[in-house]
Amino acid sequence: MDKIKVMVLENDSSRKMELENILSNIEYILFSQDAETHDDVMRILDIDDVDIILISNSFLGDGYKLAEEITTEHSNKSVIILEDEIKEETMHKAIFSGAKDVVIRPIGPTKLMDSIYKAYELNKKRTEVHRDTSVRVKRKSELGQVITVFSTKGGVGKTFVSINLAVTLSRETKKRVVIVDLDLDFGSASLALNLQPKYTISDVVNDIRNIDPDLMESYLLTHISGVKILPANLEPQMNEFINAEHIQIILRNLQNSYDYIVVDMPGRFYDPINPAFVFADKLLMITTPEVSTVRNIKASLLTLNDLNYPKSKIKLLNKADSRGEIKAHDVEKTLSQNIYSTIEADYKGVISSLNQGIPYVTKNPRSSISKGFKALAKKVTDNTVESPVAK
């Protein structure tokens, strides 16, 4: 285990002693010199190899202000804020100060050490990425294409389409493909690929002031297909601290290093995910031959029209069921829009694929569904402009 050097910045002597007692029992924790003034802190950070700085929210009157100064001048060091209670204002202040985490008093040893270790590992990973130029992402003159997969009707298979389209794009084009799971409340794209997230979108947001394409790479999971993925949060309560500006920065950085960015969306419109609509080169709207789904899609199209969303970006993806009473031409007529592409339905096969964490196109490469995804990928990579309006 690496030795981790910690600086404790706490005005209250009893609280400082409590922290030091907790940390002194951990064999791999080392303490930096004591600092009581602003000048002491900055001098020690200049000469001492400190890894983690624990800062009380009230240290020197405003711990957040000092945290921002430290993270600006010493980006190789991680700050953890010690707070009395968690509020939305608290988390916003922590994020904008550059802090990696907020630990709430009373401070438990397990929670404190988990926070210190995670912050240390994140910083170590970032340092390795920047030091090793062999893993640096090559910049491209053209931005990557964003394909946003959306439907306001639940259960139509947004995640299924996202992962299988991404895997097909990677296989057919041999180019760089990444999935962004923006279903922030119930995202399961990583689970559908049988991947266990080490980092999630919240980790990126916590490091948003330092993020660039190289650092972004360190937060992505890699699937055996070669597709990368940025997972949604494991704890939905963290989503309230993610805003549209964060998503815009994330997508722009991914566009600078990936050829195709497939965005798996939630089933609703709301502000934080708006950049996924704005940045989309193609907005794949999933519909099925069911009255409730078609009604939902029609309402979504009206909403997008009210927002003056470009109709040329909207592409209807029909999940067809040959046994259904509603046919493709009925869907087109009702929605006044041509179907862009069609994927056949195989409910048992889809469920089996998701449960096993194996993409359908990998498990059943010669199936009609896999051929449908291949045709969809071909259309996605073809920049020919098609009329979105049904005749």
Can Ile358 be reached from Leu193 by stepping across I, L, V, M, F, W or Y side chains whose heavy atoms are under 4.5 Å apart? no
Nearest non-hydrogen partners of Leu182 and Ala276, listed with the distance: CD1-CB, 3.8 Å
Classify the side-chain pair Ser202/Thr200 by whether it contains a donor and acceptor separated by less than 3.5 Å. no
Find out if a path of hydrophobic residues (ILVMFWY) with successive side-chain heavy-atom gaps under 4.5 Å connects Leu30 to Ile44. no
Ignoring hydrogens and geometry, is there a side-chain-to-backbone donor-acceptor pair from Thr168 to Lys374 under 3.5 Å? no
Would a line drawn from the ring center of Phe373 to the ring center of Phe160 be shorter than 6.0 Å? yes
Would you kindly say whether Tyr64 and Glu83 are connected by a side-chain donor-acceptor distance under 3.5 Å? yes
Which residues satisfy the ring pair (Phe, Tyr, Trp, His ring centres under 6.0 Å) test with Phe269, sequence neighbours excluded? Phe150, Phe277
Set of salt bridge (charged side-chain N to carboxylate O under 4.0 Å, His left out) partners for Arg268, sequence neighbours left out: Asp185
Does some side-chain heavy atom of Thr303 sit less than 4.5 Å from a side-chain heavy atom of Asp306? no
Examine the side chains of Ser14 and Asp12 and answer whether a donor and an acceptor come within less than 3.5 Å of each other. yes
Is it true that, when you exclude Ile224 itself, more than 12 heavy atoms of the residues, nucleotides or ligands shown sit nearer than 6.0 Å to its CD1? no
Can a donor-acceptor pair be found between the side chains of Arg209 and Thr72 at a distance below 3.5 Å? yes
Checking Lys315 side chain against Ser312 main chain: does a donor-acceptor pair fall under 3.5 Å? yes
May I have the step-by-step check of side chain to side chain contact (heavy atoms under 4.5 Å, CB included) for Leu317 and Met285, ending in yes or no? CA-CA 6 Å; Leu317 176 61; Met285 300 279 288; over 6 Å; no
With a 3.5 Å distance limit and no angle check, can you tell me whether Glu332 reaches the backbone of Ile339 through a side-chain donor-acceptor pair? yes
The single option from Lys5, Lys77, Arg43 that satisfies salt bridge (Lys or Arg N to Asp or Glu O under 4.0 Å) with Asp48 is Lys5
Could you tell me whether Lys379 sits above the aromatic face of Tyr340, with NZ or CZ closer than 6.0 angstrom to the six-membered ring centre and within 45 degrees of the axis? yes
What pair of heavy atoms forms the shortest contact from Met113 to Ile29, and how long is it? CE-CD1, 3.8 Å
Mind checking whether His38 and Leu66 have side chains closer than 4.5 Å, heavy atoms only? yes
Start with the C-alpha gap between Lys16 and Asp34, add the side-chain angles, then the distance that decides, and say whether salt bridge (Lys or Arg N to Asp or Glu O under 4.0 Å) holds. CA-CA 11 Å; Lys16 184 174 183 179; Asp34 279 339; 3.3 Å; yes
Main-chain N/O of Asn296 paired to Ser300 side chain as donor or acceptor, under 3.5 Å: yes
Stepwise, does the salt bridge (Lys or Arg N to Asp or Glu O under 4.0 Å) test hold for Lys100 with Asp207? CA-CA 7 Å; Lys100 290 294 184 291; Asp207 215 3; 3.5 Å; yes
Going hydrophobic residue to hydrophobic residue with side-chain gaps under 4.5 angstrom, can you get from Ile80 over to Phe31? yes
Please tell me whether Asp264 and Thr159 have a donor and an acceptor in their side chains that are separated by less than 3.5 angstrom. yes
Side-chain donor/acceptor of His74 to backbone N/O of Thr71, under 3.5 Å: no
Is any side-chain heavy atom of Arg252 closer than 4.5 Å to a side-chain heavy atom of Pro275? no
Where do Ile81 and Ala99 come nearest, in terms of heavy atoms and distance? CG1-CB, 3.7 Å
In terms of heavy-atom contacts, Val79 and Ala67 come closest through CG1-CB, 3.8 Å
Rounded to the nearest 0.5 Å, how far apart are CG of Leu335 and CG of Asn338? 11.0 Å
For Ala377, does its backbone N or O pair with a side-chain atom of Thr381 as donor and acceptor, under 3.5 Å? yes
Do Ile70 and Ile53 come close enough that some side-chain heavy atom pair is under 4.5 Å? yes
Are Leu302 and Ile286 connected in the hydrophobic side-chain network, where two residues link if heavy atoms are under 4.5 Å apart? no
Can you confirm whether Phe59 sits close enough to Val41 that some side-chain heavy atom of one is under 4.5 Å from a side-chain heavy atom of the other? yes
CD of Glu245: more than 12 outside heavy atoms within 6.0 angstrom? no
Hey, does the side chain of Gln337 reach the backbone of Ile314 with a donor-acceptor pair shorter than 3.5 angstrom? yes
Just by distance, do the side chain of Asp382 and the backbone of Lys378 share a donor-acceptor pair under 3.5 Å? no
Any donor-acceptor pair under 3.5 Å linking the side chain of Ser370 with the backbone of Asn364? yes
Check whether Asp259 reaches the backbone of Lys175 with its side chain - one donor and one acceptor, N or O, closer than 3.5 Å. no
Quiz question: by atom type and distance under 3.5 Å, do the side chains of Lys65 and Ser97 form a donor-acceptor pair? no
For Lys313, I'd like to know if atom NZ has over 12 heavy atoms of other residues, nucleotides or ligands within 6.0 Å. yes
Go through it in stages, so that I can follow the logic: the residues are Arg295 and Thr334, the test is side-chain hydrogen bond (donor to acceptor under 3.5 Å, both in side chains), and I'd like the CA-CA distance, side-chain angles, deciding distance and then a yes or no. CA-CA 9 Å; Arg295 185 188 299 124; Thr334 302; over 6 Å; no
Neighbour count >12 (heavy atoms, 6.0 Å) for atom CD, Glu36: no
One pair to check against salt bridge (Lys or Arg N to Asp or Glu O under 4.0 Å): Arg176 and Glu217. What are the steps and the verdict? CA-CA 12 Å; Arg176 291 170 59 81; Glu217 190 78 6; 3.2 Å; yes
NZ/NE/NH1/NH2 to OD/OE distance under 4.0 Å, Lys118 and Asp203: yes
